[in-house]
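Atoms considered below: every heavy atom in the structure, side chains included; atoms not considered: hydrogens, waters and symmetry mates.
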Amino acid sequence: MRSRLRTCVAGAVAAAVALSTVAAAGPAQAHPRNDNVRKIVKAVSGKNVKNHLRVFQAIADRFDGTRVSGTRGYDASRDYVSLLLRLAGYKVTVQPFEFLFEGYRTPPLLKRTAPQEETYSYGFFSDYIAMGDSPAGSVSGPIQPVDLTLPPGAPNSSTSGCEASDFAGFTPGGIALMQRGTCNFRVKVENAIAAGASGAIVFNEGQEGRTEIDLNPVLGGPGITIPSFFTSFAVGEELAAAGTSVTMNWDPISETRTTYNVIAESRKGDPGNVVMLGAHLDSVQEGPGINDNGSGSAGVLEVALQMAKLKPKNKMRFAFWGAEEFGLLGSAHYVAGLSEEERAKIALYLNFDMIASTNYTFGIYDGDGDAFGTAGPPGSDQIEADFEKYFADRGEPFTATAFTGRSDYGPFIEVGIPSGGLFTGAEVLKTPEEAAIFGGTAGVPLDPCYHQACDTIKNISDKALDVNADAIATLAATYAFDTGGIDGAGTAASQARGQAAHRHGPADSLN
């Protein structure tokens with residue numbers, strides 16, 4: 001198995017070396033800073049960045065359609081990135097760490113088999129997910145609606161499945177369809193089990209703000225004996241139609257696995273003033289993650305390769321994080337392992353997570369907090385301003401995006417390190433105002449394939465990829481020689497100013 005992995009990576013690297021322009025940067029002489037910026041931006045092209053994405057896609061195709069941490073697909077991505085960086089002359093560290101892998105052995109399934117066939121999409125921001133603590137199971141049978149309120153009434157008013165009497169006349173072996181409402185999910189499912197249900201489906205209640213899968217529904221511990229799913233209101237309403245039958249499959253796995261960060265550092269530059277760029281390398285299990293976050297990883301990788309021949313004034317450090325999709329675990333592990341002295345040497349951190357969404361906006365993290373009220377550590381405002389200048393000089397519109405700690409900059413701002421970055425959008429719907437400014441389609445997610453199997457090489461905006469790759473190159477090459485105006489950072493005083501970050505993903509819910 002290991003030899004097959006190396007063969008896959010070796011082939012991918014050979015192809016990438018032939019396609020990319022690692023050597024094209026050429027040895028850099030002592031040029032003024034602006035000249036270095038111009039040369040690096042010219043060398044970094046969207047075409048070269050997309051070549052890396054093609055390799056990530058090929059890796060996912062080889063390994064079960066995913067590059068999720070703790071799998072062969074992620075390990076192949078790690079090997080591809082680390083080998084290219086070593087060949088370019090960087091000092092590369094592959095940093096292992098353990099994490100709890102919670103996923104599935106075989107793909108989940110919710111399929112309507114009658115009256116018409118339809119297979120629903122698994123995952124947050126999709127059609128359905130398995131409830132937390134749902135046991136494994138594969139069942140088929142007729143849907144039996146249980147005391148539904150359609151159309152929905154007032155928010156949090158449905159009592160569907162809350163009383164044993166709701167199941168009067170329930171035929172054992174059927175699949176109970178219930179509506180979110182006044183009691184918690186465990187009560188509903190336990191009542192369904194007592195009535196003889198072979199499976200349980202709870203759908204969101206249906207009022208504004210209670211239609212999509214935007215939470216982690218949990219059953220509150222072990223003891224449930226039938227597979228239990230949570231769906232959007234739209235799916236639940238479809239399944240409530242007379243004569244509906246479905247097939248459900250849930251085959252979960254929860255175990256400790258090892259995954260890795262890849263850290264590449266320039267041989268030259270002041271080790272007391274480190275400029276750090278990062279992107280998470282992992283995908284979700286549901287797909288190859290070519291936009292989320294192959295795009296950010298490929299952009300950072302190509303910039304690193306083109307900067308390899310420079311002699312920067314400041315030490316350059318490029319990071320590719322593992323297990324971001326499990327809660328920013330790679331970046332959190334890295335930051336936690338730094339001493340106070342090591343943190344103080346990091347002048348700034350730039351993060352790139354999803355830079356090529358097909359229905360994009362050009363989002364810049366709100367470092368000064370004037371748009372969303374949550375500022376980054378001192379110096380983050382200057383990073384935001386520098387990105388804004390890049391887009392203005394290029395004649396491209398831009399907007400602020402909330403600095404919530406949702407991605408891998410979170411652990412850095414927690415310890416007071418100035419941070420910033422770019423984000424073209426995920427599950428949020430594009431507004432009419434944004435469509436008028438950036439183009440695209442209002443009312444459609446900024447990334448329609450976010451956390452889904454369709455996040456493939458086809459799920460990429462070439463324009464957004466090219467513009468943002470040049471933005472990464474511009475600031476990386478600028479800060480390689482001058483971090484003036486940005487507080488350097490991880491001191492005890494700045495740590496006290498650090499902000500608590502919200503972890504990636506929605507909060508748990510029992511009802």
**Request:** Just say parallel, tilted or perpendicular for the rings of Phe99 and Phe101, cut-offs at 30° and 60°.
**Result:** perpendicular

**Arg67 and Glu286: CA distance, side-chain angles, deciding distance, salt bridge (charged side-chain N to carboxylate O under 4.0 Å, His left out) verdict** = CA-CA 9 Å; Arg67 298 184 306 104; Glu286 286 71 47; over 6 Å; no

**Salt bridge flag under 4.0 Å for residues Lys50 and Asp462** = yes

**Request:** Dump the intermediate steps for side chain to side chain contact (heavy atoms under 4.5 Å, CB included) on Leu350 and Ile472, then the final yes or no.
**Result:** CA-CA 9 Å; Leu350 303 180; Ile472 299 171; over 6 Å; no

**Prompt:** Between Phe352, Phe398, Tyr409, Phe372, which is the residue that forms a ring pair (Phe, Tyr, Trp, His ring centres under 6.0 Å) with Tyr365?
**Reply:** Tyr409

**Request:** Mind running side chain to side chain contact (heavy atoms under 4.5 Å, CB included) on Phe318 and Leu85 for me, showing each step along the way?
**Result:** CA-CA 10 Å; Phe318 301 91; Leu85 291 166; 5.5 Å; no

**Prompt:** Is it true that Phe185 and Phe230 have ring centroids separated by less than 6.0 Å?
**Reply:** yes

**Message:** Run Glu340 and Lys345 through salt bridge (charged side-chain N to carboxylate O under 4.0 Å, His left out) and show every step you take.
**Reply:** CA-CA 9 Å; Glu340 184 175 319; Lys345 294 176 181 178; over 6 Å; no

**Message:** Can you confirm whether Val68 sits close enough to Phe326 that some side-chain heavy atom of one is under 4.5 Å from a side-chain heavy atom of the other?
**Reply:** yes

**Asked** Short question: side chain of Lys268, backbone of Leu310 - any donor-acceptor pair under 3.5 Å?
**Response** no

**Fill in**
All heavy atoms of Gly443 vs all of Leu429, minimum pair found to be O-CD2, 3.7 Å

**Item:** Sidechain-backbone polar pair: Asp366 side chain, Thr401 backbone, donor-acceptor under 3.5 Å
**Value:** no

**Request:** Please report the C-alpha distance between Asp455 and Tyr450 in whole Å, then the side-chain angles of each, then the deciding distance to 0.1 Å, and finally whether the side chain to side chain contact (heavy atoms under 4.5 Å, CB included) criterion is met.
**Result:** CA-CA 6 Å; Asp455 187 9; Tyr450 178 59; over 6 Å; no

**Test side chain to side chain contact (heavy atoms under 4.5 Å, CB included) applied to Tyr260 and Phe320, step by step** = CA-CA 9 Å; Tyr260 308 85; Phe320 301 84; over 6 Å; no

**Asked** Between Thr211 (side chain) and Glu208 (backbone), is there a donor-acceptor pair under 3.5 Å?
**Response** no

**Item:** Partners meeting salt bridge (Lys or Arg N to Asp or Glu O under 4.0 Å) with Asp470 (sequence neighbours left out)
**Value:** Arg394

**Request:** Please name the pair of heavy atoms, one in Arg406 and one in Leu328, separated by the smallest distance, quoted to 0.1 Å.
**Result:** O-CD2, 3.4 Å

**Polar side-chain atom of Asp270 near backbone of Asn314 as donor-acceptor pair, under 3.5 Å** = no

**Request:** Kindly write out the residues that satisfy side-chain contact (heavy atoms from CB on, under 4.5 Å) with Lys313, not counting sequence neighbours, or none if the list is empty.
**Result:** Phe481

**Request:** Find out whether Asn291 and Ile460 are in side-chain contact, i.e. whether some heavy atom of one side chain is under 4.5 Å from a heavy atom of the other.
**Result:** yes

**N-O pairing of Arg257 and Glu255 below 4.0 Å** = yes

**Message:** Closer than 4.0 angstrom, basic N to acidic O: yes or no for Arg317 and Glu265?
**Reply:** yes

**Request:** Measure the CG-OH distance between Leu277 and Tyr479 for me, rounded to the nearest 0.5 Å.
**Result:** 10.0 Å

**Heavy-atom donor-acceptor pair, Asp381 side chain to Asp368 backbone, under 3.5 Å** = no

**Ile129 side chain reached by Pro217 side chain, heavy atoms, under 4.5 Å** = yes

**Asked** Between Asp447 and Asn359, do the side chains contain an N or O donor and an N or O acceptor separated by less than 3.5 Å?
**Response** no

**Any side-chain heavy-atom pair of Phe387 and Leu422 under 4.5 Å** = yes

**Message:** Assess whether a salt bridge exists between Glu205 and Arg180, defined as any Lys/Arg side-chain N lying under 4.0 Å from an Asp/Glu carboxylate O.
**Reply:** no

**Request:** Answer whether the closest heavy-atom distance between the side chains of Tyr334 and Leu338 falls below 4.5 Å.
**Result:** yes

**Message:** I want to check something: taking the side chain as every heavy atom from C-beta on, are Glu324 and Leu329 in contact at a cut-off of under 4.5 Å?
**Reply:** no

**Prompt:** Got a donor-acceptor contact below 3.5 angstrom from the Arg210 side chain to the Pro155 backbone?
**Reply:** no

**Complete:** Scanning both residues in full, the closest heavy-atom pair of Ile355 with Ser295 reads N-OG, 3.0 Å

**Message:** I'd like to know if Asp75 pairs up with Arg72 as an ion pair, taking the criterion as any Lys NZ or Arg NE/NH1/NH2 lying under 4.0 Å from an Asp or Glu carboxylate oxygen.
**Reply:** no

**Message:** Has Thr66 got a side-chain atom pairing as donor or acceptor with Val284's backbone, closer than 3.5 angstrom?
**Reply:** yes

**Message:** Using a 3.5 Å distance criterion without hydrogens, assess whether the side chain of Asp353 forms a donor-acceptor pair with backbone atoms of Ser407.
**Reply:** no

**Asked** Going by atom types alone, do Asn48 and Ser45 pair a side-chain donor with an acceptor below 3.5 Å?
**Response** yes

**Asked** Are any side-chain N or O atoms of Ser339 and backbone N or O atoms of Glu342, one a donor and one an acceptor, separated by less than 3.5 Å?
**Response** yes

**Prompt:** Given side chains that start at C-beta, do those of Thr231 and Asp127 come closer than 4.5 Å, heavy atoms only?
**Reply:** no

**Prompt:** Atom OG in Ser357, atom CG in Leu446: separation rounded to 0.5 Å?
**Reply:** 6.5 Å

**Message:** If I take atom CD from residue Glu98 and atom OG1 from residue Thr258, how far apart are they, to the nearest 0.5 angstrom?
**Reply:** 4.5 Å

**Message:** Which label fits Tyr122 and Tyr128: parallel for a plane angle under 30°, tilted from 30 to 60°, or perpendicular past 60°?
**Reply:** perpendicular

**Asked** To the nearest 0.5 Å, what is the distance between CZ (Phe391) and OG1 (Thr399)?
**Response** 11.0 Å

**Message:** Could you check whether Glu325 and His451, counting side-chain N and O atoms only, form a donor-acceptor pair closer than 3.5 Å?
**Reply:** yes

**Item:** Smallest separation among heavy atoms of Ser121 and Gln452, with atom names
**Value:** OG-OE1, 3.7 Å

**Asked** Closest heavy-atom contact between Ser134 and Pro252?
**Response** O-CG, 4.2 Å

**Request:** Starting at CG of Asn261, measure out to CH2 of Trp321 and round the result to the nearest 0.5 Å.
**Result:** 5.5 Å

**Prompt:** So, does Ser232 use its side chain to make a donor-acceptor pair with the main chain of Glu212 at under 3.5 Å?
**Reply:** no

**Message:** Let me confirm one number: the CD1-CG distance from Ile290 to Leu53, rounded to the nearest 0.5 Å.
**Reply:** 6.0 Å

**Asked** Do Lys430's NZ or CZ and the ring of Tyr360 fall within the cation-pi criteria of under 6.0 Å and 45°?
**Response** yes

**Item:** Residues Lys47, Glu302: salt bridge by 4.0 Å N-O rule
**Value:** no

**Prompt:** Do Asn216 and Phe124 have side-chain heavy atoms sitting under 4.5 Å apart?
**Reply:** yes

**Request:** Answer with yes or no whether the side chains of Asn351 and Asp408 bring together a donor and an acceptor at under 3.5 Å.
**Result:** no

**Prompt:** Shortest non-hydrogen contact from Ala76 to Phe63?
**Reply:** CB-CE1, 3.8 Å

